[in-house]
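Report on one structure; see the data block that follows.
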Amino acid sequence: QVQLVESGGGLVQAGGSLRLSCAASGRTFSNYAMGWFRQAPGKEREFVAAISSSGGATRYADSAKGRFTISRHNAMNTMYLQMNSLKPEDTAVYYCAKRRFLSVAATAGEYDQWGQGTQVTVSS
């Protein structure tokens with residue numbers, strides 16, 4: 001069982017940046033794809049970005065393209081989400097998730113383990 005722990009959330013002004021991290025336990029981190037999702041109050045959880053097991057392939061939601069960058073450091077069992085030019089509508093709880101397969105996916109149902117989330121609040 002892999003445990004996922006997010007960190008790096010906080011309060012930032014519009015236009016600012018944050019870097020989220022997701023630390024994974026276990027020795028097989030490089031064997032699976034990972035993703036970031038977010039959930040705002042009163043809304044469904046939505047896809048943000050995903051990265052393949054090797055880091056060679058990435059996928060972004062339209063809302064994240066050009067502003068967010070997903071990356072991973074397999075030797076450190078850690079995934080990142082660099083978020084720039086943040087907007088108030090980016091305010092949400094951000095979750096990292098593990099997929100059982102190597103390739104990226106944008107559907108929450110494709111992921112079998114989730115972290116507890118980290119709050120990101122962007123003030124206008």
Side-chain angles (χ1 to χ4, degrees):
Q1 185 85 353
V2 173
Q3 289 188 324
L4 304 174
V5 179
E6 302 95 336
S7 62
L11 173 65
V12 64
Q13 288 188 331
S17 298
L18 282 175
R19 188 195 197 201
L20 305 184
S21 297
C22 174
S25 65
R27 295 178 292 178
T28 60
F29 182 71
S30 61
N31 289 353
Y32 40 83
M34 297 286 294
W36 286 100
F37 290 76
R38 67 187 184 186
Q39 187 166 17
K43 296 187 176 181
E44 293 187 354
R45 190 168 298 189
E46 65 174 4
F47 170 73
V48 176
I51 189 166
S52 64
S53 58
S54 67
T58 57
R59 184 172 177 179
Y60 295 91
D62 287 344
S63 59
K65 288 178 182 176
R67 299 188 301 127
F68 295 1
T69 302
I70 189 171
S71 62
R72 65 191 295 164
H73 194 310
N74 284 345
M76 296 187 65
N77 283 14
T78 305
M79 174 180 67
Y80 305 97
L81 184 68
Q82 177 68 43
M83 304 187 294
N84 298 329
S85 302
L86 282 162
K87 305 174 182 179
E89 50 264 44
D90 294 318
T91 295
V93 177
Y94 283 70
Y95 298 90
C96 69
K98 165 195 162 292
R99 188 169 188 245
R100 286 187 294 126
F101 304 106
L102 304 178
S103 59
V104 299
T107 306
E110 294 284 343
Y111 293 79
D112 60 350
Q113 288 182 249
W114 297 79
Q116 293 187 321
T118 185
Q119 176 70 47
V120 171
T121 303
V122 184
S123 63
S124 57

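With T78 contributing its side chain and M76 its backbone, the two residues share a donor-acceptor pair below 3.5 Å.
Here the closest non-hydrogen pair linking A50 and A105 is CB-O, 3.6 Å. Closest heavy-atom contact between S103 and A33: O-CB, 3.1 Å. Of all heavy-atom pairs spanning A92 and A40, the tightest one is CB-N, 3.8 Å. Minimum heavy-atom separation, N74 to S54: ND2-CA, 4.3 Å. When all heavy atoms of I51 and T58 are compared, the pair lying nearest together is CG1-CG2, 3.9 Å. Residue Y111 comes nearest to W114 through the heavy atom pair O-NE1, 3.6 Å, listed as atom of the first residue, atom of the second, then distance.
Note on K98 versus D112: salt bridge recorded, some NZ/NE/NH1/NH2 to OD/OE distance being below 4.0 Å. In summary, D90 and K87 do not engage in a salt bridge, as defined by a charged side-chain N under 4.0 Å from a carboxylate O.
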* Asked: Given the rule in the side chain to side chain contact (heavy atoms under 4.5 Å, CB included) test, do S17 and Q82 qualify, once you have shown the distances and angles that lead to the verdict?
  -> CA-CA 7 Å; S17 298; Q82 177 68 43; 3.9 Å; yes
* Asked: Yes or no on side chain to side chain contact (heavy atoms under 4.5 Å, CB included) for L18 and V120, after CA distance, side-chain angles and deciding distance?
  -> CA-CA 9 Å; L18 282 175; V120 171; 3.8 Å; yes
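When only modelled atom types and interatomic distance are considered, S63 and R67 share no side-chain donor-acceptor pair under 3.5 Å. Side-chain N/O atoms of Y94 and R38 include a donor and acceptor closer than 3.5 Å.
The shortest distance between side-chain heavy atoms of T69 and Y60 falls below 4.5 Å. Two residues are said to be in side-chain contact when any heavy atoms from C-beta on lie closer than 4.5 Å; I70 and W36 meet this criterion. By the 4.5 Å heavy-atom criterion applied to side chains, L81 and M83 are counted as neighbours. With contacts defined as side-chain heavy-atom distances shorter than 4.5 Å, the pair S21/E6 does not qualify. No side-chain heavy atom of N84 sits under 4.5 Å from any side-chain heavy atom of L86.
Side-chain heavy atoms closer than 4.5 Å link hydrophobic residues (I, L, V, M, F, W, Y) into clusters, and following such links, even through other members, never connects V48 to V104.
Under the 6.0 Å cut-off for aromatic ring centres, Y95 and F37 do not qualify, their centroids lying 6.0 Å or more apart.
For the pair R19 and Y80, the cation-pi criterion (under 6.0 Å, within 45° of the ring axis) is fulfilled.
Annotation for Q3: atom CD does not count as buried by contact number, only 12 or fewer foreign heavy atoms lying within 6.0 Å. Annotation: Q116, atom CD; neighbour count of heavy atoms from other residues, nucleotides and ligands within 6.0 Å does not exceed 12. Within 6.0 Å of atom CZ in R59, 12 or fewer heavy atoms from other residues, nucleotides or ligands are found, so the atom counts as exposed in its surroundings.
When C22, S53, S52 are each tested for a side chain to side chain contact (heavy atoms under 4.5 Å, CB included) with M34, only one passes: C22.
In this structure, CZ in R99 is found 14.0 Å from CD in Q113, a value given to the nearest 0.5 Å. Expressed to the nearest 0.5 Å, how far CZ of F68 lies from CG of L20 amounts to 8.5 Å. The line from OG1 of T121 to CD of Q13 is 13.0 Å long, rounded to the nearest 0.5 Å.
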